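Working notes, structure below.
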Amino acid sequence: MNDGPSNTSSPFTLAVCAEMVFKSLPVVDRLKRISELGFQAEIWDWTKHDIAALARSGAIFSSMTGYVSGTLADDEGADELLRTAKLSIPVARQLNCPRLNLHGTGLDGNGLPVVEADQVTGSMWLKARDTLNRIADLGEQEGVTFVLENLNQAVNHPKTPFAKAEDTLALVSSVNRPTLKLNLDLYHAQIGEGNLIELCRRALPFIGEIQVADVPGRMEPGTGEINYKAIARALKDMGYRGAIGMEAWASGDDETALARFRDAFTV
């Protein structure tokens, strides 16, 4: 499953999360509008959608959630993660979606961790690495790529294990398999860590996708403190030419928000 063409005004493949914009429209109409504006599309929990209708929408999909439930760091949760990841693969094929997104643990409807972690122990790290090796095996067998997303604990996802970008980078680099990459979310990283350009530089060999929103507020680039123009220039200079997804709410008009996103990554 390969990335299709996107707009020609950016060196990157630009995508927009259909769960967060054009909220007054049914999801299929959101996808059509996103596509008409020249962007690829991303979705979250595929079990909440009519997949056949999504496939008929004409949208090109960049990523989707690649599991339904499960965790990285305990035996039962790891088996459940693998089981539901396997269920997600036929859906990804139906949508021709190249990346399946994972987290350190399942998240509930409010983005809170299904399994909370006050601390991550050494045995949890070892189990998580083992689970991700199994995920990479599955990706290799099925010809798909899984991406592990960093989150933030301070605002959106408290007590989520392996939340920081440093955590996801450590896990993905230790597995070091082509079927397991990073979904490097710069909104979450700014809240938790900062120093975004150097983070991108260190993570570059392992990045499968980058997601963006501004801080504070999780709205489109240009509404907060992150200098996305500078980040875009740095990514271009580093040689990154992959997907960048806007996983953000619109601060006002949706089309204006998408235009600001495109402008930030036109370099």
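Position 1 is the first residue of the sequence, and the numbers go up from there. Just the heavy atoms: all of them, side chains too, but no hydrogens, waters or symmetry mates, feed the values below. In this text the structure is predicted, and so the values were computed from the model without any measurement.
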Between [atom1] on residue [X] and [atom2] on residue [Y], distance to nearest 0.5 Å:
X      : Y      : atom1 : atom2 : answer
Leu107 : Asp45  : CG    : CG    : 10.5 Å
Phe265 : Ser10  : CZ    : OG    : 8.0 Å
Leu204 : Leu184 : CG    : CG    : 10.0 Å
Lys32  : Leu37  : NZ    : CG    : 14.5 Å
Ile51  : Leu95  : CD1   : CG    : 5.0 Å
Ile210 : Ile231 : CD1   : CD1   : 9.0 Å

Counting C-beta onward and ignoring hydrogens, is there a side-chain heavy-atom pair between [X] and [Y] closer than 4.5 Å?
X      : Y      : answer
Gln211 : Glu42  : yes
Met246 : Met20  : no
Asp118 : Lys159 : yes
Thr105 : Phe162 : no
Leu196 : Ile226 : yes
Ser174 : Arg129 : yes
Asp214 : Tyr187 : no
Lys164 : Asn150 : no

Is there a chain of hydrophobic side chains (I, L, V, M, F, W, Y, each step under 4.5 Å between heavy atoms) that links [X] to [Y]?
X      : Y      : value
Trp249 : Ile191 : no
Ile135 : Leu182 : yes
Val91  : Ile43  : yes
Met219 : Phe261 : no
Leu72  : Val115 : no

Where the side chain of [X] meets the backbone of [Y], is there a donor-acceptor pair that is under 3.5 Å apart?
X      : Y      : value
Arg134 : Leu82  : no
Ser35  : Leu31  : no
His157 : Asn152 : no
Asp254 : Val21  : no
Glu193 : Ala165 : yes
Arg241 : Phe12  : no
Thr179 : Ala136 : yes
Ser57  : Leu54  : yes
Tyr240 : Ile207 : no
Arg218 : Ala248 : no

* **Verdict with supporting geometry, Val147 and Leu100, side chain to side chain contact (heavy atoms under 4.5 Å, CB included)** => CA-CA 6 Å; Val147 290; Leu100 291 88; over 6 Å; no
* To do: Given side-chain hydrogen bond (donor to acceptor under 3.5 Å, both in side chains), test Thr65 with Trp46 step by step and report yes or no.
  => CA-CA 7 Å; Thr65 301; Trp46 56 266; over 6 Å; no
* Ile244 and Tyr228: CA distance, side-chain angles, deciding distance, side chain to side chain contact (heavy atoms under 4.5 Å, CB included) verdict -> CA-CA 12 Å; Ile244 296 179; Tyr228 273 118; over 6 Å; no
* Please walk me through it: do Thr266 and Asp263 pass side-chain hydrogen bond (donor to acceptor under 3.5 Å, both in side chains)? -> CA-CA 5 Å; Thr266 299; Asp263 178 67; 5.6 Å; no
* Run the numbers on Asp137 and Arg177 for side chain to side chain contact (heavy atoms under 4.5 Å, CB included), then give the verdict. => CA-CA 9 Å; Asp137 287 341; Arg177 305 271 298 277; 2.7 Å; yes
* To do: Determine, step by step, whether Glu247 and Trp44 satisfy the side-chain hydrogen bond (donor to acceptor under 3.5 Å, both in side chains) criterion, reporting the C-alpha distance in whole Å, the side-chain angles of both residues, the deciding distance to 0.1 Å, and the verdict.
  => CA-CA 10 Å; Glu247 193 180 47; Trp44 292 338; 2.9 Å; yes
Does a side chain donor of either [X] or [Y] reach within less than 3.5 Å of an acceptor in the other side chain?
X      : Y      : answer
Gln153 : His188 : no
Asn183 : Arg99  : no
Ser69  : Glu80  : yes
Glu220 : Ser251 : yes

Sidechain N-carboxylate O distance under 4.0 Å for [X], [Y]:
X      : Y      : answer
Lys181 : Glu209 : no
Arg93  : Glu142 : yes
Asp75  : Lys127 : yes

For [X] against [Y], the heavy-atom pair lying closest together:
X      : Y      : result
Ala264 : Val267 : O-CG1, 4.3 Å
Glu166 : Arg202 : OE2-NH2, 2.6 Å
Ala18  : Arg30  : O-NH1, 2.9 Å
Thr71  : Gly106 : CG2-N, 4.4 Å
Ala257 : Ala250 : CB-CB, 3.7 Å
Ile34  : Ala41  : CG2-CB, 4.3 Å

* To do: Using the six-membered ring of Phe39, assess whether NZ or CZ of Arg262 lies under 6.0 Å from its centre and within 45 degrees of the ring axis.
  =>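 Verdict for Phe39: a cation-pi partner in Arg262.
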* To do: Dump the intermediate steps for side chain to side chain contact (heavy atoms under 4.5 Å, CB included) on Ile89 and Phe146, then the final yes or no.
  => CA-CA 10 Å; Ile89 289 171; Phe146 288 92; 4.3 Å; yes
* Asked: Can you tell me if CD on Glu36 sees more than 12 non-hydrogen neighbours from other groups inside 6.0 Å?
  ->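 Result for CD/Glu36: enclosed.
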* To do: Indicate the ring-plane relationship of Tyr67 and His103, choosing parallel, tilted or perpendicular according to the 30° and 60° boundaries.
  =>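 Answer is perpendicular, since the angle exceeds 60°.
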